[in-house]
Amino acid sequence: MRIATYNINGINARLPVLLQWLEEEKPDVVCLQELKSPDEKIPKKAIEDAGYNAIWHGQKRWNGVAILAKGMEIKELERGLPGDPDDVQSRYLEAVVNELVIGCIYLPNGNPAPGPKLEYKLRWYERLTARAAELIEYEVPAILVGDYNVMPTELDTYKPEKYKNDALFLPEVREAFHNLVAQGWTDALRKLYPGEEIYTFYDYFRNAYGRNAGLRIDHFLLSPHLNKKLVSGGVDKHVRGWEKTSDHCPAWIELK
DNA sequence: ATGGCCGTAGAATACGGA
């Protein structure tokens, strides 16, 4: 089973890119982030015509997450991240697909830091860590996948010093990510490519893609059960070079 | 140190993104 994540940066503006990529790669499950669309404007029919069932948690203007599955049932478990009834931002969607728990994640950016946005990000990490602990406790096969808005190590940014005061690379944010992983999760792409440069995001500015000035901020975390089922994975880097494309690349893993 | 590029809302420009 091939599972992909893609921060689409506006599902309606990027629909041709999304459909082209689905047609080329045919992933079994897709987690999308940054839909930037209210629920009623999600291009439901185009997704269905491409062969996918889908659930989504949209919002006007910003955020928004969706889970797509090719010819498989999607049973929704959580809409929104538990732990704060006042959090109105659409950043978490969790479902069972093919007996696998899939959490689709769009973590807050946190900039400018320090400030309330960083505080929200850190609280969000705490809530995600609490939910992740429950999944570990249930001993279910689970994958937490999406845009974590963190470069976990210096290897994950083309220029570490440029980001040392950035909310994507601050020590407390990296620590929050490492604390989550330390519950027993596996960072799948890093496991497959130890010591290698793997980028999933390229800024629109300054020809970042052309210069390979990237960041690795989209991650797959595998529960202990799934660790040994990881076969392969990668980043569909070429999609970042398409017209009217997102600033993120799709990334994927294959589970046996 | 700054601003460069995008989408969205909505009608000019502000905001969020990373």
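When reading the values below, keep in mind they use all heavy atoms of this one structure, side chains included, and skip hydrogens, waters and symmetry mates. Lettering follows sequence order; numbering is per chain, from 1.
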What's the [atom1]-[atom2] distance between [X] and [N], to the nearest Å?
X: A:K162; N: B:dT2; atom1: NZ; atom2: P; value: 12 Å
X: A:E34; N: B:dG16; atom1: CD; atom2: C1'; value: 8 Å
X: A:D247; N: B:dT8; atom1: CG; atom2: P; value: 13 Å
X: A:N7; N: B:dG7; atom1: CG; atom2: C1'; value: 12 Å
X: A:N165; N: B:dA1; atom1: CG; atom2: C1'; value: 13 Å
X: A:W242; N: B:dC5; atom1: CH2; atom2: C1'; value: 21 Å

| message | Other residues, nucleotides and ligands only: do more than 12 of their heavy atoms fall within 6.0 Å of NZ on A:K229? | response | no

| message | Taking NZ in A:K41 as the centre, count heavy atoms belonging to other residues, nucleotides or ligands within less than 6.0 Å. Is the count above 12? | response |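 For A:K41, atom NZ is not crowded (no more than 12 foreign heavy atoms under 6.0 Å).
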
For [X], answer base if it contacts any base atom (sugar-phosphate contacts may also be present), sugar-phosphate if it contacts only those atoms, and nothing otherwise; contact means non-hydrogen atoms under 4.0 Å.
X: A:N149; answer: sugar-phosphate
X: A:R240; answer: nothing
X: A:D218; answer: nothing
X: A:Y106; answer: sugar-phosphate
X: A:N207; answer: nothing
X: A:K41; answer: nothing
X: A:N111; answer: base

Quick one: which of [options] gets closest to the side chain of [X]?
X: A:K60; options: B:dC15, B:dG10, B:dG17; answer: B:dG10
X: A:R91; options: B:dA9, B:dG7, B:dG17; answer: B:dG17
X: A:K36; options: B:dA9, B:dG17, B:dT8; answer: B:dT8

| message | Once ring pair (Phe, Tyr, Trp, His ring centres under 6.0 Å) is applied, what residue pairs with a partner in residues 36-67 of chain A remain, sequence neighbours excluded? | response |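 Found none.
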
If the [atom1] atom of [N] is compared with that of [M], how far apart are they to the nearest Å?
N: B:dT2; M: B:dC6; atom1: P; value: 23 Å
N: B:dC15; M: B:dA1; atom1: P; value: 23 Å
N: B:dG3; M: B:dA9; atom1: C1'; value: 24 Å

| With nearest nucleotides of DNA chain B determined for A:P108 and A:Y204 from heavy-atom distances, which residue corresponds to the more 5′ nucleotide? |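 The residue mapped nearer the 5' terminus is A:Y204.
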
| task | For A:F201 and for A:F205, locate the closest nucleotide of DNA chain B by heavy-atom distance; then report the residue assigned to the nucleotide nearer the 5' terminus. | result | A:F205

| request: Considering just the side-chain nitrogens and oxygens of A:R61, establish if one lies under 4.0 Å of OP1 or OP2 belonging to B:dC15. | output: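 No, no such contact exists.
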
| query | Taking only N and O in the side chain of A:K244, is any of them less than 4.0 Å away from OP1 or OP2 of B:dC6? | reply | no

| Distance-only polar pair, side chains of A:Y125 and A:N179, donor-acceptor under 3.5 Å | no

| request: Quick one: which residue pairs count as a side chain to side chain donor-acceptor pair (under 3.5 Å) with a foot in residues 1-11 of chain A, not counting sequence neighbours? | output: A:T5-A:Q33, A:N7-A:E34, A:N7-A:D147, A:N7-A:H248, A:N9-A:K36, A:N9-A:Y204

| said: Strictly distance-based, threshold 3.5 Å: is any side-chain N or O of A:H225 a donor or acceptor partner for the main-chain N or O of A:A142? | reply: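 Not a single qualifying donor-acceptor pair exists.
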
